Amino acid sequence: QVQLVESGGGLVQAGGSQKLSCAASGRTGSSYAMAWFRQAPGKEQEFVAAVSWSGGTTYYVDSVKGRFTISRHNAMNTVWLQMNSLKPEDTAVYYCAADGDMSTYYSGNYSTSTEYDYWGPGTQVTVSS
């Protein structure tokens with residue numbers, strides 16, 4: 001089992017920056033790809049970004065490309081999401097997710113929530129206009 005805990009959420013003005021962290025504990029050696037998803041009120045959960053086990057490959061939803069950066073440090077069991085040029089439409093609960101069985105590697109699909117086995121409780125990000 002892998003436990004994930006997000007931190008770094010809060011209130012930020014439009015145009016500002018925020019950095020989310022996701023700390024993993026437990027059987028972290030079994031975690032492969034890591035990702036961030038988000039869910040805004042009244043909307044479905046949305047893929048935001050993912051990073052491969054090595055950190056060498058990253059994936060982003062089009063709406064955040066050029067503004068968000070996902071990174072990881074395996075020795076620290078931590079994944080970050082640096083968010084710049086934030087917009088009110090980025091307001092959501094952000095969830096960290098971990099793939100525990102390499103399904104993302106074999107499927108090549110890093111943006112589907114069902115490929116991830118472990119989830120954090122989420123952290124709220126609110127961007128004011």
Side-chain angles (χ1 to χ4, degrees):
Q1 292 291 321
V2 175
Q3 292 78 45
L4 304 173
V5 178
E6 304 95 340
S7 61
L11 177 64
V12 63
Q13 288 189 332
S17 298
Q18 201 151 22
K19 188 172 186 176
L20 304 182
S21 299
C22 173
S25 60
R27 293 185 60 189
T28 55
S30 64
S31 295
Y32 294 96
M34 300 285 292
W36 290 92
F37 289 78
R38 66 186 180 186
Q39 187 164 20
K43 295 187 177 181
E44 293 186 354
Q45 189 180 65
E46 175 188 36
F47 167 77
V48 177
V51 60
S52 62
W53 166 248
S54 67
T57 306
T58 56
Y59 308 84
Y60 298 93
V61 67
D62 286 346
S63 61
V64 308
K65 284 181 180 177
R67 300 190 298 123
F68 290 12
T69 302
I70 188 171
S71 60
R72 68 187 297 166
H73 193 301
N74 289 339
M76 295 178 61
N77 295 323
T78 302
V79 175
W80 297 277
L81 184 68
Q82 176 66 48
M83 305 184 294
N84 299 327
S85 302
L86 283 162
K87 305 175 181 180
E89 51 263 43
D90 294 318
T91 295
V93 177
Y94 283 71
Y95 299 92
C96 177
D99 171 13
D101 60 5
M102 295 185 68
S103 59
T104 54
Y105 176 82
Y106 291 115
S107 70
N109 187 348
Y110 288 80
S111 63
T112 301
S113 61
T114 53
E115 298 287 356
Y116 296 88
D117 305 289
Y118 306 104
W119 292 82
T123 186
Q124 175 72 46
V125 173
T126 303
V127 184
S128 63
S129 57

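Counting begins at 1 with the first residue of the sequence. This structure is a prediction, so every number in the text was calculated from the model and none was measured.
Partners of S85 by side chain to side chain contact (heavy atoms under 4.5 Å, CB included), not counting sequence neighbours, listed by chain and number: R67. In this view, S107 and E115 satisfy the side chain to side chain donor-acceptor pair (under 3.5 Å) rule, not counting sequence neighbours. With sequence neighbours excluded, the residues that form a side chain to side chain contact (heavy atoms under 4.5 Å, CB included) with P88 are A14, V127, S129. With sequence neighbours left out, T126 forms a side chain to side chain donor-acceptor pair (under 3.5 Å) with Q124. T78 is linked by a side chain to side chain donor-acceptor pair (under 3.5 Å) to nothing, counting only residues two or more places apart in sequence or in another chain. N84 is linked by a side chain to side chain donor-acceptor pair (under 3.5 Å) to S17, Q82, counting only residues two or more places apart in sequence or in another chain.
Residue F47 holds its CZ atom at 9.0 Å from OH of Y60, rounded to the nearest 0.5 Å. Between atom OG of residue S71 and atom CE of residue M34 there is a gap of 11.0 Å, rounded to the nearest 0.5 Å. Atom NZ of K87 is separated from atom OG of S63 by 8.0 Å, given to the nearest 0.5 angstrom. From Q3, atom CD reaches atom CG of N77 across 11.5 Å, with rounding to the nearest 0.5 Å.
For residues 32-70, the set of pairs meeting the disulfide bond (SG atoms under 2.5 Å apart) definition, not counting sequence neighbours, is empty. Applying the disulfide bond (SG atoms under 2.5 Å apart) test to every pair with at least one member in residues 91-124, sequence neighbours left out, gives these pairs: C22-C96. Each ring pair (Phe, Tyr, Trp, His ring centres under 6.0 Å) pair with one or both residues in residues 80-117, not counting sequence neighbours, appears once here: F37-Y116, Y59-Y110. The stretch residues 40-59 participates, sequence neighbours left out, in these salt bridge (Lys or Arg N to Asp or Glu O under 4.0 Å) pairs: R38-E46. The stretch residues 40-81 participates, sequence neighbours left out, in no disulfide bond (SG atoms under 2.5 Å apart) pair at all.
By the 4.5 Å heavy-atom criterion applied to side chains, D90 and M83 are not counted as neighbours. In this structure, L11 and S128 have side chains that are in contact, with non-hydrogen atoms separated by less than 4.5 Å. In this structure, the side chains of D117 and D99 come closer than 4.5 Å at one or more pairs of heavy atoms. The shortest side-chain heavy-atom distance between Y32 and D101 does not fall under the 4.5 Å cut-off.
Between I70 and A50 the shortest heavy-atom distance is CG2-O, 3.6 Å. When all heavy atoms of W119 and S113 are compared, the closest pair comes out as CZ2-O, 3.5 Å. Closest non-hydrogen pair, G8 versus Q18, comes out as O-NE2, 3.1 Å. Between T104 and A33, the closest heavy-atom pair is OG1-CB, 3.3 Å. Here the closest heavy-atom approach between residue S52 and residue G56 is recorded as OG-N, 3.4 Å.
Under 4.0 Å is where a charged nitrogen must lie from a carboxylate oxygen, and between K65 and D62 at least one such pair does.
One N or O on the side chain of E6 and one on the backbone of G122 form a donor-acceptor pair closer than 3.5 Å.
A side chain to side chain contact (heavy atoms under 4.5 Å, CB included) with T123 holds for exactly one of L20, L81, V93; it is L20.
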